[in-house]
Protein chains: 2
Amino acid sequence: MIYSDATQLEIATCLENASAAFMQFRETSPAQRHQLLRAIAAQLQLARDQLVATAMRETNLPAVRLHNELNRTQFQLESYGAACEKGYWMEASIDVDAAAQPPKPDLRKHLVPLGPVVVFGSSNFPFAYSTAGGDTASALAAGCTVIIKAHPAHLETSILAAACVNRAMEQCQLSPFVFQHVIGNSHQVGEWLVKHPATRAVAFTGSQAGGKQLFDWGAQRSVPIPVFAEMGSVNPVFLLPEKLQQDAAAMAAQLAASFSLGVGQFCTKPGLIIGLESESLQAFVQALQHATWSLQPMPMLHAGIEKAYQLKSKKIVAQPQVELVAESSLPPKEGEGQPLVVKVNASHWLENPLLQEENFGPFTLLVVCKDATEMTAIAQALEGQLTCTVMATQSELSQHKKLMSLLTERCGRLIYNGVPTGVEVCKSMQHGGPYPATTDVRFGAVGEDAIRRFIRPISYQNWPDAQLPLSLQESNPWKIPRFRNGQLE
Amino acid sequence: MIYSDATQLEIATCLENASAAFMQFRETSPAQRHQLLRAIAAQLQLARDQLVATAMRETNLPAVRLHNELNRTQFQLESYGAACEKGYWMEASIDVDAAAQPPKPDLRKHLVPLGPVVVFGSSNFPFAYSTAGGDTASALAAGCTVIIKAHPAHLETSILAAACVNRAMEQCQLSPFVFQHVIGNSHQVGEWLVKHPATRAVAFTGSQAGGKQLFDWGAQRSVPIPVFAEMGSVNPVFLLPEKLQQDAAAMAAQLAASFSLGVGQFCTKPGLIIGLESESLQAFVQALQHATWSLQPMPMLHAGIEKAYQLKSKKIVAQPQVELVAESSLPPKEGEGQPLVVKVNASHWLENPLLQEENFGPFTLLVVCKDATEMTAIAQALEGQLTCTVMATQSELSQHKKLMSLLTERCGRLIYNGVPTGVEVCKSMQHGGPYPATTDVRFGAVGEDAIRRFIRPISYQNWPDAQLPLSLQESNPWKIPRFRNGQLE
């Protein structure tokens, strides 16, 4: 089947419809939005077999992984819907003081949806961060209408998922323009979507170049709009010596499994491991070699990604002082990504920007420091990260305050004695981080607080109770948590 | 006394010091920050007479107004400090489920300060939105260090206020680099401040051109940063016919007082009044004329602002179909702003962009619509506003759903039967709005939620309790409100 890119006129129509539908959709109650998100999850369930089979064909990801990812997608829809209904996100607030002298106005504030949101799905999560994924779920929970730009690498999957969302809209008697699916291979389609005057916000998961381009388009509009782009990171893992001495082998096994998980195609893949030159580090390297030798090359998402991985890996290995430490014993077949571990000294890492970049695929880079000062220098030199991981004993955590302090400034999530892959969907998750991990460190893309990207405050002053939005009426018909004179009721 | 602009080297030193001081200041407890903000308020009190006398000389604002503004400044410091200590803003959240299968990590999230914040004070609020004003108070409450760029129009006042802040820092045994005062007449100083790599956020109150320039610099950095600029608006007031029939004279008196308050130099000044052609509108115009004739021309903030006001007013009056309806009977003396009311038909307003711009000063523009459709067309054409006001009976509010709906999309605060001037400092205040009222509709500049501009989430995964930040430790030593598994404890 041949699909053609949306034209500028089609995109304009799409945004105008999204804008008109928004004026209705923003009036839905949190309970209605919860119902909608549940209905989408149920529709995905009905189409599960077809979705998974299509995604398998388009992304080369295995069935088990895709089933799990679909479960995650449904959980996101359901849990953001439940959070929407609970209503903390609205931050309803009432300030009244009838006795105040001089008199004070009756002021009431809550958070309302921004308007049409354009979502650019990711290539590596065909379900959870694509068409009916986290950005769509949080924008709909906020009360925004959504225009999803299908990822060309899994277009058929996207069309199927969009059909599920459309059926749920119909079931809930909502306008078909609350959620619209746009096809586009060319960057031009993205530019039209971001620059259309009716677009109010953008969410993106993908490469640094792609995310930055959308951010720039958003900022350059005559009316700038927020663009939240999650652009991945190298997710450094710091191995502190005492812990390394205790657990070198176990840590190596854990990290080998993590950097090669999903063919290394997670934005939280540990792509950088930092250790101090020592006997235990040598033991760690040996264990990492053994673990890597027995890893399987697996097919990557698509030919373009595999090619980029191969080229970048070759380029890195060709850098001065970079040593290939291990590769899987099995050579890769066409389209497969080969697990690779390379090693470099801290001084060379520090002076070579290429080594500081993400290499998307089953690849990790071990940086060997001659002392703790070099380790701190690495931390100091790090760009913004989604995650930083510390493998340490508890006493090492307290001894390395400076290092911890530097890492805190450079990431959105700190992990202790674990691996960064595995992004739990819950309120306490922060999936975000300083630039270039994302374009706005103040927001995140996973967990119910992802809703916050798409809402804004509005105050009502001396507004008659009956004409107030329901969330601010004195009787609190939605029974949401509210602040009164600065205290949560 | 002659002050010279900071050099690029001085600014670099300033930001480096701010960055180093931040690593300490961010560790202060909310109670310590509350204490600091109280100490600043107390120091302002000690210097009150000198502050007011100096500001009177520099801004031409009268003593009563300046005393009130200083009270407001102290209230902001104290109330943001209290909110800081209460701790809702940290949104501490814990997700633990020891029984989960498969096991889930222990995840804890809270909001932490961004880092050094550059504040550009306003010309029209020498105290409340300048050196020790709302942006500084909210950035310090967040735990950020502050660099204030003094407004050249009230430099001596700024130096005095900065000295108060410095004394408070000393009293609280904090580094002098937690708060630094920078002098600069040239835009170059602003550019260096925004573009320095250590700067993490910018807050600005002032003109659209100035705010947009800072926003662009922030977005164009190699690491983009958030720039929150509050750039004013025309604050439209819609007069609905039934209400107008009942209260034309009272409404005219109220609006005349509001548009001329503080010589019309408030960003919430009602600069646009929209009514339906009718006998009651004629009565309203007559009453507005009478009220305006008896208004006093008063000295504006400085010669530049007065000159700009005079020029823009002349230009507006010279537009085709624009009619000068009233001016104060007393002509203005040099440097004074003359209260002016002009009138135009809706069709001309709609086609003339100049008439849609803010004219900073004691000026308002009445737009006469021939029917409700034209009134809706005006609402539709409005740019983003800080406020929209509706003068209406309750039944008119429910009859004009479309109009209300349009206004909701176009502002940060909706006022019923009141005036937009007077911005209460409380949690339920939203002082912000869609572009060009501000550069980010998701935030506000007044009330404790202004803190949110300067904070970001960070998660800790499986982190040992003793090494967690105090706000996330199991024993909750700061006794702040916290979410546990999605529910507020």
Side-chain angles (χ1 to χ4, degrees), chain A residues 23 83 86 88 93-95 104-105 107-109 112 114-115 215-216 219 223-224 226 384 394 397-398 405 408-409 411-418 422 424 426-430 432 434-436 439-442 444 448-449 455-464 466-467 481 483 486 488, chain B residues 23 83 86 88 93-95 104-105 107-109 112 114-115 215-216 219 223-224 226 384 394 397-398 405 408-409 411-418 422 424 426-430 432 434-436 439-442 444 448-449 455-464 466-467 481 483 486 488:
Chain A
M23 298 302 269
K86 236 187 276 167
Y88 284 115
S93 169
I94 298 171
D95 279 280
K104 287 184 177 178
L107 274 163
R108 289 158 196 257
K109 181 170 78 172
V112 296
L114 291 181
F215 174 83
D216 288 343
V223 172
Q394 291 207 28
L397 273 193
S398 33
S405 173
T408 308
E409 287 307 303
C411 75
R413 178 164 55 113
L414 279 163
I415 298 137
Y416 177 68
N417 289 347
E424 200 61 33
C426 65
K427 185 168 173 64
S428 302
M429 173 52 66
Q430 165 60 352
Y435 187 91
T439 47
D440 195 336
V441 66
R442 297 173 299 174
E448 62 188 74
D449 289 341
I455 52 182
R456 67 181 178 95
I458 184 165
S459 290
Y460 290 81
Q461 184 166 322
N462 291 336
W463 213 259
Q467 306 299 333
F483 287 88
L488 201 70
Chain B
M23 298 303 269
K86 236 188 273 167
Y88 285 115
S93 169
I94 298 171
D95 279 280
K104 287 183 177 177
L107 274 163
R108 289 157 195 257
K109 181 171 77 173
V112 296
L114 291 181
F215 175 83
D216 288 342
V223 172
Q394 292 205 28
L397 273 193
S398 34
S405 174
T408 308
E409 287 306 303
C411 75
R413 179 164 54 114
L414 279 163
I415 298 136
Y416 177 68
N417 289 347
E424 199 63 33
C426 66
K427 185 168 173 65
S428 301
M429 173 53 66
Q430 164 61 352
Y435 187 90
T439 46
D440 195 336
V441 66
R442 297 173 299 174
E448 63 188 74
D449 289 341
I455 53 182
R456 68 182 177 96
I458 184 165
S459 290
Y460 290 81
Q461 183 167 325
N462 291 335
W463 213 259
Q467 306 298 332
F483 287 87
L488 201 70

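So that the names make sense, note that chain A is the first sequence line, chain B the second, and so on, each numbered from 1.
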[X] versus chain A, heavy atoms under 4.5 Å apart: side chain, backbone, both or neither?
| X | answer |
| --- | --- |
| B:Q467 | side chain |
| B:P457 | both |
| B:N462 | both |
| B:F483 | side chain |
| B:L397 | both |
| B:T439 | neither |
| B:M429 | both |

Residue list, salt bridge (charged side-chain N to carboxylate O under 4.0 Å, His left out) with A:D95, at least two apart or on another chain: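 Checked A:D95 against salt bridge (charged side-chain N to carboxylate O under 4.0 Å, His left out); zero matches.
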Across all chains, not counting sequence neighbours, the salt bridge (charged side-chain N to carboxylate O under 4.0 Å, His left out) partners of B:K427 are B:D449
Identify which of [options] forms the greatest number of heavy-atom pairs closer than 4.5 Å to chain B.
| options | answer |
| --- | --- |
| A:V223, A:L114, A:L414, A:I94 | A:L414 |
| A:M23, A:E448, A:E409 | A:E409 |
| A:P105, A:G418, A:G115, A:S398 | A:S398 |

Could you check if a side-chain atom of [X] sits within less than 4.5 angstrom of a side-chain atom of [Y], using non-hydrogen atoms only?
| X | Y | result |
| --- | --- | --- |
| A:R413 | B:K109 | no |
| B:Q461 | A:E424 | no |
| B:Q430 | A:I458 | no |
| A:R442 | B:D440 | yes |

Which one wins on heavy-atom pair count under 4.5 Å against chain A: [options]?
| options | answer |
| --- | --- |
| B:S93, B:G444, B:S428 | B:S428 |
| B:S459, B:A83, B:S405 | B:S459 |
| B:A219, B:A466, B:G384, B:G412 | B:G412 |
| B:C411, B:P481, B:G422 | B:C411 |

Q. So, for B:Y88 and A:G486, which heavy atoms are closest and what is the spacing to 0.1 Å?
A.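 Distance-wise, the nearest heavy atoms are CE1-O, 3.7 Å.
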key: Verdict with supporting geometry, B:Y460 and A:T408, side-chain contact (heavy atoms from CB on, under 4.5 Å)   = CA-CA 10 Å; B:Y460 290 81; A:T408 308; 3.9 Å; yes
